[in-house]
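Notes to accompany the following structure.
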Amino acid sequence: MAAPKKGRSASAQSKPGRSLALILIAIVALTGGMFASGHKTPRLGIDLAGGTSITLKAKADQGSAINKANMDTAVDIMNRRVNGLGVSEAEVQTQGNDHIIVNIPKGTNSKEAQQQVGTTAKLYFRPVLASEPTGSAASPSPSASPSGSSSPSPSSSASSKEKASSSSSGSPTPTATATSQGRAVTDALKADATPSSSGSPSATSSPSPSASSSGGSAEATKLQAQYAALDCSDSAQRAKAGTNAKPGEPTVACGENKKVWYKYVLGPAAVDGTEVKKAAAVFDTQGASGWQVQMTFTSSGSKKFANITGELAKNQSPQNEFGIVLDGQVVSSPFVQTAISGGQAEISGSFTQKEAQSLANMLSYGALPLSFQEETVTTVTAALGGDQLHAGLLAGAIGLALVVIYLIAYYRGLSIVAMASLLVSGILTYVIMALLGPAIHFALNLPAVCGAIVAIGITADSFIVYFERIRDEIREGRTLRPAVERAWPRARRTILVSDFVSFLAAAVLFIVTVGKVQGFAFTLGLTTVLDVVVVFFFTKPLMTLLARRKFFANGHKWSGLDPKSLGAQPPLRRTRRPAGPAAGSADPKEA
C-alpha cells in the first residue's frame with residue numbers, strides 16, 4: 001500500500017511546469033503593467049535625480065518658545081504633510097536650534113509637497129463679515145448652488161454632529177454689489193464691535209478697535225478701502241492680502257471656490273487651530289451629504305467654538321459663516337444654522353473624497369506650534385549622486401561577476417540554475433520598484449541601491465543551500481532525481497529560516513529609522529521576499545526539469561554533480577542494509 005502512495009507523491013512533484021508557468025505569467029503581467037503605467041524606470045530619490053531643498057527658520061511669536069519639543073512637533077507635522085508613506089523620500093529634519101531643512105525629490109507630487117511645506121502659518125477660525133466674488137466672475141447678483149471643497153469654499157455647511165437634522169448641503173453664496181459693498185463692510189465692522197455681534201469672538205479676541213475711538217473709525221475706513229480695492233483673481237494681490245494680520249484684529253483675505261476667487265472681510269480669530277484635536281474625512285452612508293469632514297475640539301476649543309457658532313447662527317448670510325484661514329487664505333467658509341456644542345462638528349457640502357481628505361489634513365496638521373520664515377529655496381543637482389550611483393553600480397557589477405565566476409568554478413553546470421534564478425529575481429525587483437514609484441511614492445536612493453546589491457548575496461545563499469543538500473544526497477549513493485526531491489524539504493526549512501531572519505532585521509530597521517536608511521531597509525525586505533518566491537516557484541521546478549536531462553542525471557563531470565568528484569559510493573546504501581524484512585522499508589525510488 002505504501003508504494004502507490006509514494007508513486008502519487010512523485011507524480012505530483014514531477015509537474016514543475018506549472019510553477020514555471022505561474023512565475024512567467026507574473027513577470028509578463030507585472031512588465032505589462034509597468035509599460036501600461038508609463039513608468040518604465042524606478043523613481044529616483046533626491047540624491048540621484050535632484051530636487052528642491054527648502055530652509056525654514058523658526059520665529060518665536062505669540063508666546064511660542066523655540067525649543068526642542070516645539071521643533072520636533074513641527075518636523076513631525078511637516079513630515080506628515082509631505083510624506084504619504086515613509087519611503088517617499090521627502091526628508092524633513094532640524095538643523096541647529098531654529099532651522100528646519102526640507103528636501104523634496106524631483107518627481108511625483110513634488111510640487112504639491114513643496115506647497116504643503118510652504119503652508120507654515122497658523123490655522124484660525126474667523127467670523128466672516130462680508131464676501132463677494134472678484135475678477136471676471138464678479139456679479140451684482142447673488143450666486144447659488146454652493147459646494148464644499150478642500151480648497152477655499154465660501155459655501156460649505158457646518159452642523160452639529162449630534163443633530164444631523166441641522167446640517168445642510170449648501171446655501172446661497174454671499175455676495176455684495178459694487179454699489180453697496182462699502183456700506184456692507186462698514187456695517188459689518190460696526191456690528192463686530194458690539195457685544196452681541198455674531199462676529200465678536202468671546203473666547204480669544206478682544207473687541208474690535210474700530211468702535212472704541214476715532215482711530216477705530218480710521219482703521220475701519222482703511223480696511224474698507226483694502227476690501228474695495230482687493231482683486232483676488234490677481235495672484236500678486238492674493239499674496240499680499242491679510243499679510244501680517246494679527247489674530248485679534250479684523251483682516252481681508254482671499255479664497256477659491258470652484259475656480260472662482262472670493263474676497264472676504266474677516267473678524268478677529270475666534271478659535272485657534274491648535275484647539276482642533278483631530279479631523280477626519282468620512283463618508284455619510286445614512287444621508288445625502290456624501291463626504292464630510294468631522295472635527296473634534298479640545299475642551300477649551302469646544303467652549304470657544306460653541307460661543308462663536310451660537311452668535312453666528314443669529315445672523316444672516318454672509319455673517320453667519322466662519323472662515324477657516326490657513327496661511328492667510330480662506331480654505332473653507334461654512335455657514336452655521338445652530339450653535340454647535342459638545343466639542344464635535346462636521347463640515348459637509350459637495351466634497352469629493354480627495355477634497356475632504358485634504359481639508360481634514362489641513363485641520364489636523366495645519367496648526368504648527370511655531371511660525372516659520374522661508375529663508376532659502378535651492379535646486380539640488382544630481383551630478384554628485386550620479387557619480388555615486390555609477391560607482392555603486394560598478395561595485396555591484398564587480399560583486400555579481402565574482403559571484404558568477406565562483407558559481408561556474410565550483411558548481412559548473414548548476415551555475416546555469418543559479419544565474420537564471422538571479423536574472424528572474426533581478427527582473428522582478430526592477431519591475432516592482434518601477435511600479436511602486438507611482439503607487440506608494442517609493443524613491444530609489446543610494447542606500448536602496450546598496451540594499452539591492454546586498455540582496456545578491458542573500459539570493460545566492462539560498463541556491464547554495466539547496467545545491468549542497470542535493471550533493472549530500474548524491475554522496476549517500478542516490479541518483480539525481482530522488483536526490484533533488486529528498487534534498488528540497490531540508491533545504492526549504494533552512495532557506496525559510498534564513499530569509500525570515502533577514503526580513504525581520506529589515507522590518508525592524510525600517511520601523512526604527514528615518515530618512516534614507518528606510519530606503520535600504522525597504523529594498524532589503526522586498527528582495528528577501530522575492531528570494532523566497534524565486535526559490536519556490538523557479539529554482540526548485542527548474543532543478544526538477546534539469547534532473548531529467550542526461551547531462552545532469554548521468555553525472556557528467558561538467559554538471560557539478562559527478563558522483564566520483566563528490567566522493568560518492570553507489571553501492572553504499574545496499575551494502576549497509578541487511579537483507580530480509582528491513583529491505584522492504586527501503587525507499588521505492590532508490591530501488
Side-chain angles (χ1 to χ4, degrees), residues 16 19-20 23-24 27 392-430 449-476 478-481 483-488 490-499 501-502 523-524 526-568:
S19 298
L20 293 175
I23 198 167
L24 179 61
I27 291 176
L393 294 178
L394 179 61
I398 294 174
L400 181 60
L402 292 175
V403 170
V404 170
I405 292 173
Y406 170 78
L407 291 173
I408 294 175
Y410 192 74
Y411 290 106
R412 300 186 181 184
L414 285 178
S415 62
I416 296 175
V417 181
M419 288 186 288
S421 300
L422 284 173
L423 179 62
V424 170
S425 180
I427 292 174
L428 286 174
T429 301
Y430 180 87
V449 173
C450 294
I453 295 173
V454 171
I456 296 174
I458 296 176
T459 306
D461 182 62
S462 299
F463 308 151
I464 291 172
V465 168
Y466 186 31
F467 293 161
E468 288 301 323
R469 289 292 188 184
I470 294 174
R471 286 184 161 198
D472 288 341
E473 296 294 332
I474 293 176
R475 289 188 183 98
E476 292 179 3
R478 293 183 177 86
T479 57
L480 181 58
R481 292 185 67 176
V484 167
E485 300 304 330
R486 288 179 65 90
W488 173 241
R490 301 178 183 179
R492 180 177 58 201
R493 287 193 296 268
T494 305
I495 291 171
L496 288 175
V497 170
S498 175
D499 284 345
V501 172
S502 297
T523 307
L524 183 62
L526 173 65
T527 51
T528 301
V529 172
L530 291 179
D531 174 53
V532 175
V533 174
V534 170
V535 169
F536 274 71
F537 291 93
F538 184 80
T539 305
K540 165 59 174 59
L542 182 61
M543 196 66 221
T544 301
L545 287 178
L546 292 180
R548 302 172 184 176
R549 304 297 177 183
K550 291 183 179 180
F551 179 79
F552 290 95
N554 294 339
H556 192 279
K557 64 178 182 179
W558 288 104
S559 67
L561 298 169
D562 182 13
K564 294 181 180 180
S565 300
L566 296 176

(request) Please report the closest heavy-atom contact between V535 and S462, naming both atoms and the distance. (result) CG2-CB, 3.7 Å
(request) Run the numbers on I27 and F538 for side-chain contact (heavy atoms from CB on, under 4.5 Å), then give the verdict. (result) CA-CA 12 Å; I27 291 176; F538 184 80; over 6 Å; no
(request) Give a yes or no on whether the backbone of D461 and the side-chain of Y466 come within a donor-acceptor separation of less than 3.5 Å. (result) no
(message) Using a 6.0 Å cut-off, check whether atom CZ of F552 has over 12 heavy atoms from anything other than its own residue.
(response) yes
(request) Check whether any side-chain heavy atom of W488 lies under 4.5 Å from a side-chain heavy atom of M543, and answer yes or no. (result) no
(request) Please round to the nearest 0.5 Å and tell me the distance separating atom OG of S559 and atom CG of L480. (result) 8.0 Å
(request) Drop me the distance from L414's CG to L561's CG, to the nearest 0.5 angstrom. (result) 4.5 Å
(request) Apply side-chain contact (heavy atoms from CB on, under 4.5 Å) to the pair L400 and I453, showing each step before the final yes or no. (result) CA-CA 8 Å; L400 181 60; I453 295 173; over 6 Å; no
(message) With heavy-atom distances below 4.5 Å as the criterion, would you say the side chains of L20 and F537 are in contact?
(response) no
(message) Using a 3.5 Å distance criterion without hydrogens, assess whether the side chain of S425 forms a donor-acceptor pair with backbone atoms of L422.
(response) no
(request) Salt-bridge test for E468 and R490: reply yes if a basic N is under 4.0 Å from a carboxylate O, no otherwise. (result) no
(message) For the OG1 atom of T527 and the CG atom of L428, what is their distance to the nearest 0.5 Å?
(response) 11.5 Å
(message) I'd like to know if the side chain of T459 and the backbone of A455 have a donor-acceptor N/O pair within less than 3.5 Å.
(response) yes
(request) Measure the CZ-CD1 distance between F463 and I495 for me, rounded to the nearest 0.5 Å. (result) 8.5 Å
(request) Before giving the answer on side-chain contact (heavy atoms from CB on, under 4.5 Å), spell out for I474 and T479 the whole-Å C-alpha distance, their side-chain angles and the decisive distance to 0.1 Å. (result) CA-CA 6 Å; I474 293 176; T479 57; over 6 Å; no
(message) I'd like to know if the side chain of S421 and the backbone of V417 have a donor-acceptor N/O pair within less than 3.5 Å.
(response) yes
(request) Could you tell me which non-hydrogen atom of R548 sits nearest to which non-hydrogen atom of P16, and how far apart they are? (result) NH2-CD, 3.7 Å
(message) Quick check for you: to the nearest 0.5 Å, what is the distance between H556 atom NE2 and K550 atom NZ?
(response) 13.0 Å
(request) Let me know which of D531, L496, I23 forms a side-chain contact (heavy atoms from CB on, under 4.5 Å) with F536. (result) L496
(request) Answer yes or no: is there a side-chain heavy-atom contact under 4.5 Å between P563 and R471? (result) no
(request) Let me see the working for D499 and T528 under side chain to side chain donor-acceptor pair (under 3.5 Å), right down to the final yes or no. (result) CA-CA 6 Å; D499 284 345; T528 301; 5.6 Å; no
(message) With a 4.5 Å cut-off on side-chain heavy atoms, are L524 and V454 touching?
(response) yes
(message) Within this structure, what is the CZ-CD1 distance for the pair R486 and I470, rounded to the nearest 0.5 Å?
(response) 13.0 Å
(request) With sequence neighbours excluded, tell me which residues meet side chain to side chain contact (heavy atoms under 4.5 Å, CB included) with R412. (result) W558
(request) Return the minimal non-hydrogen interatomic distance between G451 and T523, and the atom names on each side. (result) C-CG2, 4.0 Å
(request) Begin with the C-alpha distance, continue with both residues' side-chain angles, and end with the deciding distance and a verdict on side-chain contact (heavy atoms from CB on, under 4.5 Å) for E485 and K540. (result) CA-CA 9 Å; E485 300 304 330; K540 165 59 174 59; 3.4 Å; yes
(message) Would you say that R481 contacts V484 through its side chain, given a criterion of any heavy-atom pair below 4.5 Å between the two side chains?
(response) no
